[in-house]
Amino acid sequence: DRATAPLCAGLLSDRDAAVRRQALLALRQPGMLDERASDAVLAATRDADSEVRLQATYALGEIGSQAAQDRLAELLRGSGPPGAKVSPELLPPAELRAAAALALGRAAQARPAVPLAEAAWSALLAAVAAPAESAGAAASTESGRRMELAEQRVRRAAANALTQAVVPSPGQKTALAAALLAALRKARGDAAQSEVLTALGGVLRGSPS
């Protein structure tokens with residue numbers, strides 16, 4: 001019931017993490033989320049509980065507002081400015097970044113739509129393309145392999161999000177295709193190229209040429 005949305009948003013500041021998780025699950029029911037819950041959900045992406053942070057990140061994609069997109073782009077790229085390289089230890093966990101990428105794809109398709117801002121496009125492109133330059137040098141240790149698999153999931157989520165986001169914004173196709181082609185030329189190894197190719201195929205889908 002939409003009338004309970006303010007109550008659920010208020011419960012996102014409850015002391016009990018279980019209550020905060022359930023409040024987010026309730027808010028993510030169809031028709032419950034809108035910009036009135038935005039501030040509470042934005043704050044929940046910084047929650048001490050990892051599941052609350054994850055669910056709040058997905059919820060921002062369903063809100064789709066400019067403030068939601070800005071926070072999702074920040075979660076995807078790390079806290080540095082758009083376009084800047086962030087050291088791996090300062091990045092949010094891979095699961096959270098993958099969720100942010102998927103949420104941006106969802107936000108681009110929200111109705112009524114708020115077109116993705118440049119920072120969002122930049123974060124998605126960087127997530128797909130930037131790691132591809134070094135992904136070929138996969139670590140030989142077990143922890144290194146696990147880390148690379150986690151990063152691959154982030155790249156895959158960003159590639160899928162670009163495919164979704166470009167549908168309502170066909171004017172972005174040319175710039176995105178050029179950036180992805182440049183990334184493809186720098187990629188080393190099949191794993192590095194795979195997500196770039198996925199994103200490029202999705203961006204070019206339906207193009208006449």
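Between Leu162 and Thr198, the closest side-chain pair of non-hydrogen atoms is not below 4.5 Å. Here the side chains of Leu149 and Arg146 are not in contact, with every heavy-atom distance at 4.5 Å or above.
Legend: residues meeting side-chain contact (heavy atoms from CB on, under 4.5 Å) with Ala158, ordered by chain and number and at least two apart, are Ala101, Leu124, Ala127, Val128. Arg46 pairs by the salt bridge (Lys or Arg N to Asp or Glu O under 4.0 Å) definition with Glu74, not counting sequence neighbours. Listed by chain and residue number, Asp34 satisfy the side-chain hydrogen bond (donor to acceptor under 3.5 Å, both in side chains) test with Arg36 (two or more places apart in sequence, or in another chain). Considering only residues two or more places apart in sequence or on other chains, Arg106 meets the side-chain hydrogen bond (donor to acceptor under 3.5 Å, both in side chains) condition with none of them. A search for side-chain hydrogen bond (donor to acceptor under 3.5 Å, both in side chains) contacts involving Thr45 returns Arg71, not counting sequence neighbours. With sequence neighbours left out, the side-chain hydrogen bond (donor to acceptor under 3.5 Å, both in side chains) criterion links Arg28 to Gln55, Glu62. With sequence neighbours left out, Ala43 forms a side-chain contact (heavy atoms from CB on, under 4.5 Å) with no residue at all. Take Ala179 and apply the side-chain contact (heavy atoms from CB on, under 4.5 Å) test, not counting sequence neighbours, and it matches Leu125. Applying the salt bridge (Lys or Arg N to Asp or Glu O under 4.0 Å) rule to Asp49 yields the partners Arg21; only residues at least two apart in sequence or on another chain are considered.
Contact detail for Gly64 and Ala107: the closest heavy-atom pair is CA-CB, 3.9 Å. Nearest heavy atom pair, residue Ala100 against residue Leu72, reads CB-O, 3.6 Å. The shortest non-hydrogen separation linking Val52 to Leu24 is O-CD1, 3.4 Å. Closest heavy-atom contact between Leu54 and Ala99: CD1-CB, 3.6 Å. When all heavy atoms are compared, the tightest approach of Ala165 to Pro168 is O-CD, 3.2 Å. Smallest separation of non-hydrogen atoms from Ala150 and Ala94: CB-CB, 3.7 Å.
Legend: salt bridge (charged side-chain N to carboxylate O under 4.0 Å, His left out) pairs involving residues 173-183, not counting sequence neighbours: none detected. Each side-chain hydrogen bond (donor to acceptor under 3.5 Å, both in side chains) pair with one or both residues in residues 6-20, not counting sequence neighbours, appears once here: Arg20-Asp47. Sequence neighbours left out, the pairs with a member in residues 191-202 that pass salt bridge (charged side-chain N to carboxylate O under 4.0 Å, His left out) are Arg155-Glu195, Arg156-Glu195.
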- Task: Step by step, work out the side-chain contact (heavy atoms from CB on, under 4.5 Å) result for Val203 and Thr163.
- Result: CA-CA 5 Å; Val203 165; Thr163 298; 5.7 Å; no

- Task: Walk me through it: do Leu27 and Leu12 pass the test side-chain contact (heavy atoms from CB on, under 4.5 Å)?
- Result: CA-CA 10 Å; Leu27 281 170; Leu12 292 180; 3.9 Å; yes

- Item | Trace of the side-chain contact (heavy atoms from CB on, under 4.5 Å) decision for Val19 with Gln22 | CA-CA 5 Å; Val19 174; Gln22 291 300 319; 5.9 Å; no

- Message: Would Val154 and Leu76 count as a side-chain contact (heavy atoms from CB on, under 4.5 Å) here? Give the steps.
- Response: CA-CA 9 Å; Val154 176; Leu76 181 54; 4.2 Å; yes

- Item | Evaluation steps, side chain to side chain donor-acceptor pair (under 3.5 Å), between Asp70 and Gln66 | CA-CA 6 Å; Asp70 290 344; Gln66 187 61 64; 3.1 Å; yes

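For Ser169 (side chain) and Val166 (main-chain N/O), no donor-acceptor pair under 3.5 Å exists by modelled atom type. Under a 3.5 Å cut-off, the side chain of Gln69 and the backbone N or O of Leu104 do not form any donor-acceptor pair. Listed for the Thr4 side chain is no donor-acceptor partner under 3.5 Å among the backbone atoms of Leu7. In this structure a side-chain-to-backbone donor-acceptor pair under 3.5 Å is present from Arg53 to Ala48. Ser207 places a side-chain N or O within donor-acceptor distance of the main-chain N or O of Leu204, the cut-off being under 3.5 Å.
Rounding to the nearest 0.5 angstrom, the gap separating the CG atom in Leu116 from the OG atom in Ser122 is 12.0 Å. The CG atom of Leu33 sits 9.5 Å away from atom OG of Ser38, with the distance rounded to the nearest 0.5 Å. Atom CG of Leu75 is separated from atom CG of Leu60 by 7.5 Å, given to the nearest 0.5 angstrom.
Using a cut-off of 4.0 Å between Lys/Arg side-chain N and Asp/Glu carboxylate O, Glu151 and Arg97 are scored as salt-bridged.
At a threshold of 4.5 Å between side-chain heavy atoms, the hydrophobic network of Ile, Leu, Val, Met, Phe, Trp and Tyr places Leu197 and Leu176 in one connected group.
For CD of Gln164, the number of neighbouring non-hydrogen atoms (other residues, nucleotides, ligands) closer than 6.0 Å is greater than 12.
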